[in-house]
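See structure below.
Just the heavy atoms: all of them, side chains too, but no hydrogens, waters or symmetry mates, feed the values below. Proteins get letters first, then strands, A, B, ... in listed order; numbering begins at 1 in each.
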Amino acid sequence: MNRNEVAAALSEIGTLLELLGENPFKTRAYGNAARLIKSMDQDLPTLVEKGELDSLKGIGKALAEKITLLVRDGRLPYLDELRARVPPGLLDWLRIPGLGPKKVRAIHLALGISTLGELEYACQENRLRDLDGFGQASQDKILPGIDRLRRNAGRFLQPVVQQEADRLLELVRGVPGVIRAEVAGSVRRRSETSKDIDIVVASPDPEPVMEQFAASDQVEEITGRGPTKCSVVLKSGPSADLRVVDELSFPFTVMYFTGSKDHNIAMRSRARAAGLKLNEYGLVPENGGDSLPCADEAAIYSALDLPYIEPELREDLGELEAGSQGELPALVSDSDICGILHCHSTWSDGSASIADMASACRERGYTYLGISDHSQAASYAGGLSPAQVLEQHEEIDRLNADLNGTFTILKGIEVDILADGKLDYPDEIMARFDLVVASVHSRFNLSEQDQTDRILKALDNPFVDILGHPTGRLLLAREPYALDLRTVVRAAAERNVAVEVNAHPSRLDLDWRELAVGLRHGLLTSINPDAHSPAGIDHVRHGVGIARKGWCTPEQALNAWPLPRLQDWLKERRTGR
DNA sequence: GCCGTTTTCGGCCCGACTGTTTTCAGTCG
Ligand SMILES: Nc1nc2c(ncn2[C@H]2C[C@H](O)[C@@H](COP(=O)(O)OP(=O)(O)OP(=O)(O)O)O2)c(=O)[nH]1
Ligand SMILES: [Mg+2]
Ligand SMILES: [Mg+2]
Ligand SMILES: [Zn+2]
């Protein structure tokens with residue numbers, strides 16, 4: 001088993017143990033171990049071979065043994081046993097809002113049912129109502145929950161949640177009495193997808209804020225409402241949580257509601273170790289007393305001996321350790337982006353001419369554009385024949401001459417990596433490009449070994465500057481193809497080939513978790529909108545968010561470099577061929 | 001199940017909301 005499969009197995013064990021009523025701290029140990037295995041730098045087989053698994057904090061003797069079996073044999077009798085004791089359908093039930101492990105187990109044991117369909121029928125037949133600890137209300141909540149489960153994936157892309165968040169923010173900011181309002185949660189942390197929109201408001205008078213929030217025309221249903229908190233489901237699919245507190249608590253609540261959960265736990269543990277208690281209202285001495293006053297989040301971090309930690313980094317993936325060592329990176333930001341690489345034009349499947357794409361870039365303050373249309377194998381996308389490549393280069397020469405140095409268009413290409421790992425043009429053509437993005441657009445179903453070899457071969461090709469959308473994933477729609485991504489990223493770093501962060505909100509590929517690992521091994525990236533129209537250029541900000549989550553500095557992103565530096569880099573790669 | 005310069009046992013983040021509860025468990029954030 002590879003690391004992702006091992007992580008999935010551990011996480012499954014945790015869930016199954018929960019359903020069996022195990023000690024919550026024990027089940028969390030499995031969840032933590034899964035996260036750790038997924039995110040660690042080290043090579044899993046090597047750790048197993050050397051017997052060093054339990055040197056990882058959070059993995060002891062028992063987990064080390066189980067992980068070793070999973071890696072070596074690809075299976076684990078303990079897991080098989082748990083699976084035999086818990087019907088698989090119960091895992092689906094857990095995704096219904098309001099049903100947790102205790103209730104799921106109680107229903108299953110009392111009624112002897114275990115599938116979603118059976119649960120639905122049991123509700124329709126009023127079988128749940130009379131069970132101990134249940135009633136009409138709890139039964140009534142289940143059917144709509146099942147419906148919603150079937151309607152959508154439960155997670156949503158950045159453009160959807162960001163737009164909803166902006167509208168809700170505007171709405172609450174307009175309510176009389178509101179002093180401050182901010183978006184929090186995974187939207188603020190710039191996660192690739194979000195379950196919901198989390199909003200924090202400071203006001204001395206919560207009632208009207210919650211009232212107007214709940215009455216918004218974006219809202220489909222109110223799912224919870226108390227004195228400080230209101231939860232709704234939006235018509236567009238995601239839910240939204242509003243938390244209203246007084247002005248003094250606001251920074252603490254923003255920090256709490258921004259999360260992540262694991263970051264919060266780490267911060268609260270750190271506070272405990274310092275004899276303090278941290279919650280969404282303040283930071284108070286353990287044995288009572290007033291909260292330490294903190295005017296903003298930075299002051300809270302500072303009170304715990306930490307520098308400000310950017311929201312994107314708050315995933316409990318080493319940010320507290322790095323912060324306390326003074327080793328947090330200065331993250332790349334929108335204003336660092338100097339130019340745009342990887343865009344399409346009407347020469348292939350884009351909707352705008354090269355000239356229009358270039359002016360769109362200029363208007364946005366960028367100083368260069370790397371046009372990279374599709375290559376000939378991508379016939380469905382109007383891929384360019386060698387003759388068309390030459391024609392396109394003549395057009396770019398003419399445009400550049402007109403631009404007279406005020407802006408530069410680079411002759412790029414998004415060349416297909418063919419099934420055998422070769423590139424889609426002969427070397428004579430490849431040698432003519434200023435910039436080469438190489439991508440997989442076909443044969444997604446190769447075995448992991450073959451797909452990995454195919455891409456490694458492309459990385460060995462001296463004409464390749466950037467590897468495009470390395471896993472081919474489409475968020476919420478298509479899984480990545482089978483690939484040893486760690487090996488590919490390491491190889492790219494060694495060969496000084498950049499790996500793109502494709503900024504299209506459905507891709508965001510390379511994933512930020514793997515970007516972080518790669519950057520620690522010297523990888524370069526490029527934040528590329530893969531735009532097919534002028535509006536598509538604006539997607540670059542989604543990529544910047546993901547790059548930030550991957551701990552990326554401007555030094556590590558090609559298109560955060562001024563043109564001369566980028567050209568030097570490209571030139572050096574070309575003289576090394 | 002993991003962990004440890006106050007501990008190898010007794011902690012493990014902390015609080016809001018709901019429903020069924022007659023004092024709180026379960027779920028969720
Ligand atoms: N302290 C603490 N905070 C939590 C816990 N669960 C959630 N939070 C905080 C941190 C989360 O970022 C924030 C919002 O919760 P959400 O369930 O909306 O998660 P988040 O927005 O991080 O991700 P998602 O909505 O799933 O995309 O609430 C918890 O168990 N303990
Ligand atoms: Mg959220
Ligand atoms: Mg939420
Ligand atoms: Zn592509």
Verify the distance criterion only: is there a donor paired with an acceptor across the side chains of [X] and [Y] at less than 3.5 Å?
| X | Y | result |
| --- | --- | --- |
| T228(A) | R243(A) | yes |
| T553(A) | Q556(A) | yes |
| S191(A) | S186(A) | no |
| Q162(A) | R167(A) | no |
| E164(A) | Q218(A) | yes |
| E315(A) | H263(A) | no |

Less than 4.0 angstrom between a side-chain N/O of [X] and OP1 or OP2 of [N], yes or no?
| X | N | result |
| --- | --- | --- |
| Y281(A) | dA16(B) | yes |
| S138(A) | dT18(B) | no |
| R105(A) | dG26(B) | no |
| K229(A) | dC28(B) | no |

Identify which nucleotide among [options] has an atom closest to any side-chain atom of [X], counting heavy atoms from C-beta outward.
| X | options | value |
| --- | --- | --- |
| P227(A) | dA16(B), dG29(B), dC17(B) | dC17(B) |
| N279(A) | dC13(B), dA16(B), dC14(B) | dC14(B) |
| F257(A) | dG19(B), dG1(B), dG29(B) | dG29(B) |
| K57(A) | dG4(B), dC13(B), dG15(B) | dG4(B) |
| A137(A) | dG19(B), dC13(B), dC17(B) | dG19(B) |
| R225(A) | dG1(B), dG15(B), dT18(B) | dT18(B) |

Given atom [atom1] of [X] and atom [atom2] of [N], what is their separation to the nearest angstrom?
| X | N | atom1 | atom2 | result |
| --- | --- | --- | --- | --- |
| L82(A) | dG1(B) | CG | P | 10 Å |
| K141(A) | dC17(B) | NZ | P | 13 Å |
| F134(A) | dC24(B) | CZ | P | 21 Å |
| E286(A) | dG11(B) | CD | C1' | 12 Å |
| R270(A) | dC3(B) | CZ | P | 19 Å |
| F25(A) | dC9(B) | CZ | P | 19 Å |
| L94(A) | dT27(B) | CG | C1' | 11 Å |
| R268(A) | dG29(B) | CZ | C1' | 10 Å |

Suppose you measure atom [atom1] in [N] against the same atom in [M]; what distance do you get, rounded to whole Å?
| N | M | atom1 | value |
| --- | --- | --- | --- |
| dT6(B) | dG1(B) | C1' | 24 Å |
| dG19(B) | dT23(B) | C1' | 13 Å |
| dC12(B) | dT5(B) | P | 15 Å |
| dC3(B) | dT8(B) | C1' | 9 Å |
| dC2(B) | dT7(B) | C1' | 14 Å |
| dG26(B) | dT20(B) | P | 14 Å |

Look at all strands and tell whether [X] reaches a base, only sugar-phosphate, or nothing, counting heavy atoms closer than 4.0 Å.
| X | answer |
| --- | --- |
| K261(A) | base |
| Q136(A) | sugar-phosphate |
| G259(A) | nothing |
| I13(A) | nothing |
| L56(A) | sugar-phosphate |
| I265(A) | base |
| P24(A) | nothing |

Query - Nucleotide opposite dT8(B) in a Watson-Crick or G-U pair, distances under 3.5 Å - result: none
Report task. Assess whether side-chain hydrogen bond (donor to acceptor under 3.5 Å, both in side chains) is satisfied between R188(A) and T258(A), documenting all intermediate values. Result -> CA-CA 7 Å; R188(A) 181 167 183 233; T258(A) 296; 2.9 Å; yes
Query - Under 3.5 Å: donor-acceptor pair, side chain of D509(A), backbone of T471(A) - result: yes
Query raised in the report: Between G60(A) and V104(A), who's closer to the 5' end of DNA chain B by nearest nucleotide?
Result: G60(A)
Requested in this report: Take G224(A) and Y30(A), find for each the nucleotide of DNA chain B with the closest heavy atom, and name the residue whose nucleotide sits nearer the 5' end.
Outcome: Y30(A)
Query raised in the report: So does N23(A) reach the base of dG1(B) with its side chain, donor to acceptor, closer than 3.5 Å?
Result: yes
**Report entry** Donor/acceptor link under 3.5 angstrom from Y256(A) side chain onto base of dG15(B)
**Finding:** no
Report summary line: Base orientation of dT21(B), chi within 90° of 0 counted as syn, else anti, reads anti
